[in-house]
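Heads up: the structure comes next, in structure tokens.
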Amino acid sequence: MGILNVTPDSFSDGGEFSERDRAVEHARRMASEGADIIDVGGESTRPGATPVSAHEEQARILPVIEALAGDGNFVISVDTYRAETARLAVAAGAHIVNDVHGVQREPDVARLAAETGAGLVIMHTGRDRQRLPDVIADEFLFLRKSLEIARQEGVADAQIVLDPGFGFAKRSEENLQLMARFGELRALGFPLLVGTSRKRLLTDIEGGDKKARDAGTAATSVILRLKGAAIFRVHNVAANRDALAFADAMLEREKVLGR
């Protein structure tokens with residue numbers, strides 16, 4: 001999943017692709033490097049980011065989604081927690097709704113997915129809520145509540161992907177614990193998406209500026225692939241595809257050896 005931030009203030013590439021034609025060009029570049037999905041977002045979710053109105057979010061993303069859909073060569077995800085934005089994005093051609101609040105802020109996102117058949121990424125967040133002290137226990141608590149909402153609204157299990165929300169109100173040690181125990185999340189029974197790309201959690205380990213975090217991103221992608229992750233939301237598609245090819249080769253070898 002290639003990240004396409006149509007924003008002026010995203011932490012890694014804010015302002016680089018806020019103009020429609022440049023955004024579409026970047027999407028094509030990521031697809032050529034191996035991205036299967038393009039995730040279009042119009043509001044930065046970095047810590048301390050200034051919220052934008054639904055109108056502004058829609059003005060940023062809808063022309064880009066329409067252009068990508070018109071191209072016909074993209075699976076498009078919209079990164080939003082707003083039901084109205086999700087509805088307009090799906091109408092414009094998006095196939096997946098990626099909700100960083102796990103349909104708990106606006107449950108109508110789940111209803112929209114049920115009505116349209118769109119894929120639904122349910123992400124865990126620690127923001128604006130009391131958390132359990134154990135990182136995995138909190139993942140299960142939050143995600144099970146989200147799954148209950150989705151099912152009540154009529155979303156089929158086959159539409160759902162879960163994201164543990166690396167970096168979202170999680171301290172460095174909590175992110176490492178989540179990575180070390182990631183395999184436990186497979187018990188939920190859904191494909192798992194991960195988004196560690198260029199996040200601050202990598203700086204705590206490797207240092208460097210934001211774009212120098214690509215090596216750390218690729219390393220975490222490999223670790224998480226070996227632990228069961230299925231989808232990788234990244235800025236640098238080529239580097240992660242190359243790294244994941246080795247992880248997949250290792251998994252295939254383990255199958256052959258019966259381990």
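Counting begins at 1 with the first residue of the sequence.
Note that CD of Glu66 is 10.0 Å distant from CD1 of Ile76, once rounded to the nearest 0.5 Å. To the nearest 0.5 Å, atom OG1 of residue Thr196 and atom CE of residue Met179 are 6.0 Å apart. To the nearest 0.5 Å, atom CD1 of residue Ile61 and atom OG1 of residue Thr80 are 6.0 Å apart. Annotation: the span from Arg241 atom CZ to Phe246 atom CZ amounts to 13.5 Å, rounded to 0.5 Å. How far OG1 of Thr125 is from CD of Gln104: 9.5 Å, rounded to the nearest 0.5 Å. Distance CZ/Phe140 to CG/Leu132: 12.0 Å, rounded to 0.5 Å.
Between His124 and Phe142, the ring planes are perpendicular. Angles over 60° get that label, and only those under 30° would be called parallel.
For the residue pair Gly93 and Ala69, the shortest heavy atom distance occurs at CA-CB, 3.8 Å. The nearest pair of heavy atoms linking Ala110 to Ala150 is CB-CA, 4.0 Å. In this structure, Phe182 and Gly228 approach most closely via the heavy-atom pair CE2-C, 4.1 Å. Scanning both residues, Val222 and Ala243, for their nearest heavy atoms gives CG2-O, 3.5 Å. Contact record, Leu62 with Ala92: CD2-CB, 4.3 Å, taken as the closest heavy-atom pair. Nearest approach of Ile3 to Ser197, heavy atoms of both residues: CD1-CB, 4.2 Å.
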Worked verdict on Leu68 versus Ile38 for side chain to side chain contact (heavy atoms under 4.5 Å, CB included): CA-CA 9 Å; Leu68 295 178; Ile38 303 297; 4.2 Å; yes
Chi angles and distances behind the salt bridge (Lys or Arg N to Asp or Glu O under 4.0 Å) call for Arg22, Glu19: CA-CA 6 Å; Arg22 291 189 66 188; Glu19 193 272 327; 5.7 Å; no
Determine, stepwise, if the pair Leu162 / Leu193 fulfils side chain to side chain contact (heavy atoms under 4.5 Å, CB included). CA-CA 6 Å; Leu162 301 181; Leu193 180 152; over 6 Å; no
Where do Glu33 and Arg28 land on the salt bridge (Lys or Arg N to Asp or Glu O under 4.0 Å) test, with the steps shown first? CA-CA 9 Å; Glu33 293 174 350; Arg28 289 174 177 156; over 6 Å; no
Please assess Ile160 against Val155 for the test side chain to side chain contact (heavy atoms under 4.5 Å, CB included), listing each intermediate value before the final yes or no. CA-CA 8 Å; Ile160 297 173; Val155 182; 3.8 Å; yes
Between Asp99 and Val121, is a side chain to side chain contact (heavy atoms under 4.5 Å, CB included) present by the stated rule, with each step listed? CA-CA 6 Å; Asp99 185 347; Val121 178; over 6 Å; no
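Counted within 6.0 Å of CZ on Arg186, heavy atoms from surrounding residues, nucleotides or ligands total 12 or fewer; the atom is thus considered open. More than 12 heavy atoms of other shown residues, nucleotides or ligands fall within 6.0 angstrom of atom CG in Asp157.
Side-chain atoms of Val161 and Ile231, non-hydrogen and from C-beta on, do get closer than 4.5 Å to each other. Between Val234 and Met1 the shortest side-chain heavy-atom distance does not fall below 4.5 Å. In this structure, the side chains of Phe190 and Leu147 come closer than 4.5 Å at one or more pairs of heavy atoms. Contact check for Leu120 versus Glu153: no side-chain heavy atoms found under the 4.5 Å cut-off. Between Tyr81 and Val109 the shortest side-chain heavy-atom distance does not fall below 4.5 Å. Considering only heavy atoms from C-beta on, Phe232 stays 4.5 Å or farther from Thr217 through its side chain. Counting only heavy atoms from C-beta outward, the side chains of Leu188 and Leu143 approach each other to under 4.5 Å. Looking only at side-chain heavy atoms (C-beta outward), Val75 and Asp36 stay at 4.5 Å or farther from each other.
When atom types are taken as modelled, the side chain of Asp71 and the backbone of Ala67 share no donor-acceptor pair closer than 3.5 angstrom. Under a 3.5 Å cut-off, the side chain of Lys199 and the backbone N or O of Gly195 do form a donor-acceptor pair. For the pair Asp108 (side chain) and Arg111 (backbone), a donor-acceptor distance under 3.5 Å is absent. No donor-acceptor distance shorter than 3.5 angstrom exists from the side chain of Ser146 to the backbone of Ile122, with no hydrogens or angles considered. Of the possible polar contacts, one joining the Lys227 side chain to the Ala180 backbone as a donor-acceptor pair under 3.5 Å is found. Checking side-chain atoms of Asn5 against main-chain N and O of Thr7 turns up no donor-acceptor pair under 3.5 Å.
Between Arg82 and Glu57, at least one side-chain N (NZ, or NE/NH1/NH2) sits under 4.0 Å from a carboxylate O, which counts as a salt bridge. Using a 4.0 Å cut-off between charged side-chain N and carboxylate O, Lys170 and Asp138 make no salt bridge. The pair Asp79-Arg233 meets the salt-bridge criterion, since a charged nitrogen lies less than 4.0 angstrom from a carboxylate oxygen. In this structure, Asp248 does not pair ionically with Arg253, as no charged nitrogen and carboxylate oxygen lie closer than 4.0 Å. Ionic pairing of Arg131 and Glu174 is present here: one or more N-O contacts between side-chain nitrogen and carboxylate oxygen are shorter than 4.0 angstrom. Between Glu56 and Arg60, at least one side-chain nitrogen of the basic residue sits less than 4.0 Å from a carboxylate oxygen of the acidic one, meeting the salt-bridge criterion. For Glu148 and Lys145, the salt-bridge test fails: no basic side-chain N is under 4.0 Å from an acidic carboxylate O. A salt bridge links Glu25 with Arg29: at least one charged nitrogen is closer than 4.0 Å to a carboxylate oxygen.
Cluster annotation: Leu192 and Leu201 are assigned to the same hydrophobic cluster (Ile/Leu/Val/Met/Phe/Trp/Tyr, side-chain heavy-atom contacts under 4.5 Å, transitive). Cluster membership for Leu4 and Leu88, using ILVMFWY side-chain heavy atoms within less than 4.5 angstrom, is shared. In the hydrophobic clustering of ILVMFWY residues, with side-chain heavy atoms under 4.5 Å counting as a link, Ile96 and Leu112 come out apart. Leu224 and Ile136 fall within a single hydrophobic cluster, where Ile, Leu, Val, Met, Phe, Trp and Tyr are joined by side-chain heavy atoms under 4.5 Å apart, directly or via other members. Note: the hydrophobic cluster containing Leu141 does not contain Leu185 (ILVMFWY, side chain heavy atoms under 4.5 Å, direct or indirect links).
Judged by distance alone, the side chains of Asn98 and Ser77 never bring a donor and an acceptor atom under 3.5 Å apart.
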